[in-house]
K.L.:
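Just passing along the structure, written as structure tokens.
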Amino acid sequence: MSNSRIQSKALNAKLSWEIIGLDLAKNDLSFVGITLEGGIIRIDRDTDPTTFAMEPCCESHYLTNQLELYGHQCRIIPGKAVQNYIDTYFSGQKNDLNDAEALAFLGQQKRLKFVRAKNRDEMQLQTLLTVREHYIDEYRKTLTSLKGVAQYWGLRLAKSLSSEMRLIALIEDADLPEDVKGIFKEMVKTYKDLQKKARELTKKKN
């Protein structure tokens, strides 16, 4: 079984791996790969503080915060700038490697306006707002569905009728099969629970 230590730039990308082990530290990366033939390749790589360029995405704010903790700099490149680069130098042929090259070159431009990464407090607030909007959307959909299926059974739920107890009482008094009553009650509970969660997140964001 061979055991070689190489620089990452000399790594043969055509090798087929049985398994790869990565050890990540603040400024260090250690790689040990075992090929299908049983060969072991080890890479020790010290990563000095450097600049990372990336496009905006759900994870770019988190990655920027983490990399800056390790002493690196990050530049988030607007997607439009990346697309313009691809159109100019790659005839619009967008793929991962072309995107990476565009990011590398654009990240060196001093006059390009980069996207500011959100800090952890801003990420927390954005999370609350996103989940709150999800709860609001879901409880409105649930209420609309409840009114629709109730009307199918001749049961009309007034817009002003929002109390959970009053809704349950109305369902109980209606001439409905018991399993239908159970479904309606569960929908009422779901609707009120989602509404409560949305209100709780509204308080937190304020």
Side-chain angles (χ1 to χ4, degrees), residues 2 4-37 39-138 140-141 198 201 205:
S2 63
S4 58
R5 184 184 299 269
I6 64 176
Q7 296 297 316
S8 58
K9 64 181 180 181
L11 183 63
N12 183 356
K14 295 182 179 180
L15 290 174
S16 297
W17 304 99
E18 178 72 28
I19 193 168
I20 293 174
L22 288 176
D23 182 68
L24 305 176
K26 284 189 175 181
N27 295 315
D28 302 324
L29 167 65
S30 295
F31 168 110
V32 174
I34 302 177
T35 67
L36 293 178
E37 292 75 24
I40 302 176
I41 295 179
R42 301 164 59 88
I43 299 175
D44 293 330
R45 173 70 188 270
D46 294 333
T47 305
D48 295 327
T50 187
T51 301
F52 289 85
M54 65 189 79
E55 284 190 86
C57 65
C58 293
E59 201 173 3
S60 58
H61 301 285
Y62 170 78
L63 286 174
T64 295
N65 280 278
Q66 291 300 111
L67 288 168
E68 288 180 348
L69 285 176
Y70 297 156
H72 303 293
Q73 292 184 354
C74 290
R75 292 173 181 167
I76 303 178
I77 313 298
K80 185 176 181 180
V82 175
Q83 186 60 57
N84 288 340
Y85 187 99
I86 298 297
D87 291 341
T88 301
Y89 295 100
F90 294 109
S91 301
Q93 297 180 10
K94 187 173 175 63
N95 57 49
D96 292 343
L97 281 177
N98 291 350
D99 285 355
E101 179 177 318
L103 291 167
F105 279 94
L106 291 170
Q108 299 178 77
Q109 295 187 12
K110 305 299 182 183
R111 299 178 64 182
L112 183 65
K113 186 175 181 180
F114 304 119
V115 177
R116 186 184 70 83
K118 293 182 173 66
N119 59 38
R120 292 183 65 86
D121 289 339
E122 291 170 326
M123 289 170 60
Q124 180 180 357
L125 177 59
Q126 184 61 51
T127 300
L128 293 178
L129 291 173
T130 300
V131 176
R132 172 180 171 271
E133 289 303 312
H134 168 74
Y135 286 153
I136 290 174
D137 183 57
E138 287 300 308
R140 286 176 175 169
K141 287 181 179 178
L201 289 182
K205 81 178 183 66

K.L.:
Side chain to side chain donor-acceptor pair (under 3.5 Å) with Asp137: which residues, sequence neighbours excluded?
P.N.:
Lys141

K.L.:
About how many Å separate CG of Asp99 and CD1 of Ile77, when rounded to the nearest 0.5 Å?
P.N.:
12.0 Å

K.L.:
Would you compute the distance between atom NE2 of His72 and atom OG1 of Thr50 and round it to the nearest 0.5 angstrom?
P.N.:
7.5 Å

K.L.:
Under 4.5 Å between any side-chain heavy atoms of Glu55 and Ser60, yes or no?
P.N.:
no

K.L.:
For Gln126, what residues pass the side chain to side chain donor-acceptor pair (under 3.5 Å) criterion, not counting sequence neighbours?
P.N.:
Thr130

K.L.:
For Asp87, enumerate each residue passing the salt bridge (Lys or Arg N to Asp or Glu O under 4.0 Å) test, keeping only those at least two apart in sequence or located in another chain.
P.N.:
none

K.L.:
Using a 4.5 Å cut-off on heavy atoms from C-beta on, say whether the side chain of Val82 contacts that of Lys94.
P.N.:
yes

K.L.:
Go through the structure and list residues passing side chain to side chain contact (heavy atoms under 4.5 Å, CB included) with Glu59, not counting sequence neighbours.
P.N.:
Cys57, Tyr62, Leu63

K.L.:
Are Phe114 and Ile76 close enough that some pair of their side-chain heavy atoms sits under 4.5 Å apart?
P.N.:
no

K.L.:
If I take atom CD from residue Gln66 and atom SG from residue Cys74, how far apart are they, to the nearest 0.5 angstrom?
P.N.:
10.0 Å

K.L.:
Decide side-chain contact (heavy atoms from CB on, under 4.5 Å) for Met54 and Leu67; before the verdict, give the C-alpha distance in whole Å, the side-chain angles of both, and the deciding distance to 0.1 Å.
P.N.:
CA-CA 12 Å; Met54 65 189 79; Leu67 288 168; 4.2 Å; yes

K.L.:
Under the rule for side chain to side chain contact (heavy atoms under 4.5 Å, CB included), what residues qualify as partners of Asn95, not counting sequence neighbours?
P.N.:
Leu97, Asn98

K.L.:
Can you pull the salt bridge (charged side-chain N to carboxylate O under 4.0 Å, His left out) pairs that have at least one residue in residues 62-83, sequence neighbours excluded?
P.N.:
none

K.L.:
Restricting to non-hydrogen atoms, name the atom on Asn65 and the atom on Met123 that form the minimum distance, rounded to 0.1 Å.
P.N.:
ND2-SD, 3.6 Å

K.L.:
May I have the list of side-chain donor-acceptor pairs in residues 100-113 shorter than 3.5 Å, sequence neighbours left out?
P.N.:
unit_1 : atom_1 : unit_2 : atom_2 : d
Glu101 : OE2    : Tyr85  : OH     : 3.4
Gln108 : NE2    : Ala104 : O      : 3.3

K.L.:
Enumerate the residue pairs fulfilling salt bridge (charged side-chain N to carboxylate O under 4.0 Å, His left out) with a member in residues 115-127, sequence neighbours excluded, ordered by first and then second residue.
P.N.:
Arg116-Glu122

K.L.:
Evaluate the side-chain proximity of Gln83 to Ile86: yes if any heavy-atom separation is below 4.5 Å, no if none is.
P.N.:
yes

